[in-house]
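Counting starts at 1 for both ligands and their atoms, following the listed order. For the single chain, residues carry numbers from 1 onward in sequence order.
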Amino acid sequence: MLPNRLLRSLLALLALGLLAACETVEETRRSQFVLPFLTDGFMAELGAEAYAEETANYRVLTTTREADMLARVGRRIAQASGRDYQWEFKLLDAPDVVNAFCLPGGKIAFYTGILPICANEDGIAIVMGHEVAHATSRHGAERMSQGLVAELLMAGAAAGLEETKWSDETKGLVLGALGLAGTLAVLLPYSRDHETEADEIGLRFAIRAGYDPNEAPRLWERMAKLGDGGPEFLSTHPDPLKRAERLRELIPRLVAEEKARAEQPAR
Ligand SMILES: [Zn+2]
């Protein structure tokens, strides 16, 4: 249970946050709810912290052919995303882990276990695009906002809403507490809607970077063959065969839209 003073401060901060919290995902025009104090800068700090913690658990491969390929794909996808992040790309020596992630602020890691599923450079680009799209669409901040609101509403209902004044000192305390929670939260699974959105935006990034989008459905079909109760990447994501089907349907429209975009004068 949170101390009462801290709880009241969190509620006050939340009330302020709700006044100006609606934003838009650039590529899909979906409006999203992000608490204003979860700024890109703040989220990037959390991302960098979690990145250091997670990558320290593995040997980082830097001189292999695959590591070179990962860095090359990463640079191209990063450029296609148009975001000015402090990008980092790490290949972690973990043959049993079929997973990859991109944390807020552009901190990317692939575990070697996902490389056989990627199968080739286009496959790496599809996974890279998907992970980068989670970061550029601020899915981490959105998920934290939803989680915090739900938690605080419940705690608030239990504790009552009196005395919501707070000082700079308590605000510092609150942000510290959020930081601790956030380090854990940035590595939690995403919702199904976030996955679907990351699939679409990621495919755009891959097309824009010059990769073959047709590798996307093939990749999810390979993922499906891993079967039930398999890797983390499967259990936290929607059904891979449905996903392959949806992506296959999306490809013609996205290719056409990206072609039109490329032919327009630079923005
Ligand atoms: Zn995902």
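Among the backbone and side-chain atoms of H194, no N/O/S atom is found under 2.8 Å from the Zn ion (ligand 1). At a cut-off of 2.8 Å, E195 coordinates the Zn ion (ligand 1) through an N, O or S atom.
Side-chain contact of E197 with H134: a donor-acceptor pair under 3.5 Å is absent, judged by distance alone. Counting only N and O atoms by type, the side chains of E142 and H194 include a donor and acceptor under 3.5 Å apart.
With sequence neighbours left out, E88 forms a side chain to side chain contact (heavy atoms under 4.5 Å, CB included) with Y51, K90, K107. Residues satisfying the side-chain hydrogen bond (donor to acceptor under 3.5 Å, both in side chains) test with R138, not counting sequence neighbours, are E23, D40.
For H130, the N/O/S atom at the shortest distance from the Zn ion (ligand 1) is named NE2.
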